[in-house]
Amino acid sequence: MTTPAWSDVWDRAEGDARARDLFARTFGTAPQGVRSAPGRVNLIGEHTDYNDGLALPIALPHRTYAAVARRDDDLVRLVSAQEPTGVREVRLADAAPGTVSGWASYVVGVAWALREAGHDVGGFDVAIDSCVPFGAGLSSSAALEASVAVALDALHGLGLAGEVDPAGAPTDDAGRAVLATLCVRAENEMAGAPTGGMDQAASLRARAGHALLLDCRDGRVRHVPLDLAAHGLALLVVDTRAEHAHVGGEYAQRRAACDEAARRLGVASLRDVVDGPAALDALTGGPDGDVLARRVRHVVTEIARVTAFVDALDAGDVRAVAPLMDASHTSLRDDYEVSCRELDVAVDAARRAGALGARMTGGGFGGSAIALVRAGDVARVAGAVAAAFAGQHLAPPALTVAVAGPPAG
Ligand code: ADP
Ligand code: MG
C-alpha cells in the first residue's frame with residue numbers, strides 16, 4: 001500500500017506565532033494584532049453560487065493568519081511567507097482595479113473595497129502566513145481576503161466582524177455578510193477573478209460543528225449541525241495537486257453558458273428554473289442547445305441535491321447524503337464537464353476502497369475531491385487513493401480529514 005501524504009494543519013497558537021514572527025522580521029516591530037480566517041470545503045452545491053442557487057460549505061481547520069499594524073499614512077506594505085518576492089508597497093490613493101498585480105491585489109483589494117463602501121481605512125503593514133493549500137479548490141484566496149477583512153475591522157474599529165463566541169459561532173452575521181460582499185468585490189474587481197460568493201461567506205459566516213447552508217439569491221444562511229464523528233463517519237479531503245491550464249477560461253465559459261441559457265429561458269437566473277424537463281426542451285435545438293440543456297440540468301439538479309442533503313442531515317440520516325455526493329460527481333463530470341482525470345481517479349478509488357460516497361469539490365479541473373468514509377476506514381481509503389495515483393503515474397495527492405471549524409476571527 002502506498003503511504004498517503006497528510007497535509008499540515010497548524011493550531012491557532014502556531015499560526016499566530018508564525019505571522020507575528022514574519023511581521024517582526026520584516027518590519028522590525030511587533031504587530032498590533034493577528035487575525036485569521038479559514039479555507040473551506042463545499043459538501044455539495046457546485047457551480048450554483050453564480051446561478052443564485054444553494055451551496056453547503058464548511059470552514060476548514062486550515063487557516064490564513066494576518067499580523068497587522070496601523071500606519072499614519074496611506075501606504076500598505078505587505079509580505080507573505082507563501083510569496084518569496086519580498087515586501088510589496090501600494091499607496092491606497094493609487095489603488096484601483098487593474099493597478100495592483102498578483103497576490104497583493106487580494107489584500108489591497110479588501111482595503112480598497114472597504115474604502116469604496118465609505119469606511120475609514122488608512123495605511124497598514126501586514127504579514128501573511130497560511131496552511132491553507134494554495135489553488136487546491138479549498139479557497140486560499142477567500143481565506144486571505146477574510147483574514148485581512150477581520151484584521152482591518154479590528155485595526156480601524158469598523159464594528160462589522162463582531163466576535164466568535166466560545167461555541168465557534170459568529171455574533172454579528174449581518175456585519176459579516178457586508179464584509180463577505182466586500183471581499184467578493186476585492187476578488188472580482190481588484191484580483192480579476194470572477195468567482196461567486198460561496199467562498200467568502202464560508203470563511204466569514206460559518207459556524208464550528210455546522211455546515212453553512214447558503215442561499216445565494218438573497219445571501220441568507222442557516223447553520224446546519226454536522227457531527228460526522230457521532231455517526232462513526234469522517235470526511236476525507238483529497239487535494240489532487242493537479243494544475244490544469246485554462247481553468248479560468250473554462251470557468252468563465254460555464255458562467256457565460258448559464259447566463260445565455262437564462263436569457264433564452266426568459267428568467268433572471270437559473271434558480272428560477274424549477275420545472276427542469278420543460279426548460280430543457282425549450283433549450284434544445286440550435287448548435288449549442290444540447291450543451292446548454294446539460295449545463296442547466298446540472299445546475300437545477302444540483303440545487304435540488306443541496307436541499308435533499310440538508311433534509312437528510314436535519315433528519316439525522318447522515319448516510320443518506322452519500323448517494324447525493326455520487327450523483328453530484330456524475331452531474332459535474334458528464335453534464336457540466338468540469339471534472340478531470342485526477343478527480344475521477346480520486347473519486348473512483350475512494351469508492352472502490354469503501355467510501356460511502358465521493359465527489360469532486362470546488363470549481364473543478366484539478367483541486368480537491370471529498371469522500372464520506374466510516375471512521376475506521378480513513379487510513380485504508382487514503383492509502384487506496386494514494387496507491388491509485390501512483391498506479392496512474394500521477395503526482396501524490398495530499399490528504400486531510402476535515403471537521404467543520406470556526407469562521408474568521
Ligand atoms: P484557491 O482559492 O482555490 O486556493 P485561487 O486561485 O482562487 O485558488 O487563489 C490562489 C491565489 O490567492 C494565489 O495565487 C495567491 O495570489 C493568493 N493567495 C492565497 N493565499 C495566499 C497567501 N497565503 N499568500 C499570498 N497569496 C495568497
Ligand atoms: Mg479561490
Side-chain angles (χ1 to χ4, degrees), residues 42-57 137 194-198 213-220 222 244 246-314 320-341 343-344 347-348 351 357-365 367 369-370:
N42 192 23
L43 299 178
I44 200 152
E46 219 63 75
H47 286 279
T48 53
D49 58 354
Y50 54 82
N51 288 302
D52 284 353
L54 303 172
L56 192 69
T195 53
M198 171 186 32
L213 174 60
L214 172 66
D215 187 332
C216 300
R217 179 152 55 185
D218 54 18
R220 295 232 303 240
R222 177 158 83 81
H244 291 278
H246 314 305
V247 175
E250 294 280 356
Y251 184 90
Q253 274 179 27
R254 295 302 181 281
R255 284 193 75 144
C258 290
D259 289 347
E260 174 60 17
R263 196 187 61 76
R264 287 192 204 173
L265 293 168
V267 292
S269 74
L270 294 185
R271 177 68 178 275
D272 297 329
V273 183
V274 281
D275 50 351
L280 296 182
D281 288 348
L283 280 172
T284 43
D288 58 354
D290 287 342
V291 172
L292 287 187
R294 283 190 289 121
R295 303 293 189 254
V296 175
R297 185 166 62 193
H298 165 70
V299 173
V300 171
T301 59
E302 185 76 355
I303 291 170
R305 282 186 288 272
V306 178
T307 303
F309 199 115
V310 171
D311 287 348
L313 293 183
D314 283 341
V321 308
L324 299 168
M325 295 170 73
D326 291 341
S328 173
H329 187 76
T330 304
S331 179
L332 286 158
R333 184 191 61 204
D334 298 343
D335 276 349
Y336 220 62
E337 297 180 280
V338 292
S339 189
C340 63
R341 185 165 147 246
L343 288 167
D344 292 341
V347 164
D348 292 343
R351 283 193 202 133
R359 59 180 289 269
M360 57 158 279
T361 184
F365 303 109
I370 53 174

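In this structure, Val347 and Leu343 have side chains that are not in contact, with every pair of non-hydrogen atoms separated by 4.5 Å or more. Contact of the Leu313 side chain with the Val321 side chain is registered, since non-hydrogen atoms from C-beta on lie closer than 4.5 Å. By the 4.5 Å heavy-atom criterion applied to side chains, Val338 and Arg254 are counted as neighbours. Two residues are said to be in side-chain contact when any heavy atoms from C-beta on lie closer than 4.5 Å; Arg295 and Asp335 fail this criterion. Between Tyr336 and Arg294, the closest side-chain pair of non-hydrogen atoms is not below 4.5 Å. The shortest distance between side-chain heavy atoms of Val296 and Leu283 falls below 4.5 Å. Residues Arg359 and Asp326 are not in side-chain contact: their nearest non-hydrogen atoms beyond the backbone lie 4.5 Å or more apart. Contact of the Leu213 side chain with the Val306 side chain is registered, since non-hydrogen atoms from C-beta on lie closer than 4.5 Å.
Atom CZ in Arg222 sits 11.0 Å away from atom CG in Leu54 (nearest 0.5 Å). To the nearest 0.5 Å, the span separating OG1 on Thr48 from CZ on Arg217 amounts to 12.5 Å. The CG atom of Asn51 sits 6.5 Å away from atom OG of Ser269, with the distance rounded to the nearest 0.5 Å. Taken from CE in Met325 to OG1 in Thr361, the straight-line distance is 8.5 Å, to the nearest 0.5 Å. The structure places CG of Leu332 at 6.5 Å from NE2 of His47, a figure rounded to the nearest 0.5 Å. The distance from atom CG of Leu265 to atom CG of Asp272, rounded to the nearest 0.5 Å, is 10.0 Å.
Asn42 places a side-chain N or O within donor-acceptor distance of the main-chain N or O of Gly45, the cut-off being under 3.5 Å. A side-chain donor-acceptor contact under 3.5 Å links Arg351 to the backbone of Ala358. Side-chain atoms of Asp218 come within 3.5 Å of backbone atoms of Arg220 as a donor-acceptor pair (strictly under, hydrogens ignored).
Counting all heavy atoms, side chain and backbone alike, Val299 lies closest to Cys258 at CG2-SG, 4.1 Å. Leu214 and Gly219 get closest at one heavy-atom pair: CD1-O, 4.2 Å. Taking all atoms of both residues into account, the shortest heavy-atom contact from Met198 to Pro57 is CG-CG, 3.9 Å. When all heavy atoms of Thr284 and Asp290 are compared, the closest pair comes out as CG2-OD1, 3.4 Å. Contact between Ala320 and Ala312 at its shortest, heavy atoms only, is CB-CB, 3.9 Å. The shortest non-hydrogen separation linking Phe309 to Ile44 is CD1-CG2, 3.6 Å.
Ring geometry for Tyr50 against Tyr251 counts as perpendicular: the plane angle is over 60°, on a 0 to 90° scale with 30° as the lower cut.
Using modelled atom types, one finds no donor on one side chain facing an acceptor on the other under 3.5 Å when comparing Glu46 with Ser328. Side chains of Asp334 and His298: a donor-acceptor N/O pair is absent below 3.5 angstrom, by distance only. In this structure, a donor-acceptor pair under 3.5 Å is present between the side chains of Ser331 and Arg305. For the residue pair Ser339 and Asp344, a side-chain donor N or O sits within less than 3.5 Å of a side-chain acceptor on the partner.
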inquiry  = Using the rule given for salt bridge (Lys or Arg N to Asp or Glu O under 4.0 Å), can you reason through Arg341 versus Asp348, listing the C-alpha separation, both sets of side-chain angles and the distance that settles it, and then say yes or no?
reply    = CA-CA 10 Å; Arg341 185 165 147 246; Asp348 292 343; over 6 Å; no

Evaluation steps, salt bridge (Lys or Arg N to Asp or Glu O under 4.0 Å), between Asp215 and Arg271 = CA-CA 10 Å; Asp215 187 332; Arg271 177 68 178 275; 2.9 Å; yes

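The residues Arg333 and Glu337 are annotated as not salt-bridged, no charged nitrogen and carboxylate oxygen being separated by less than 4.0 angstrom.
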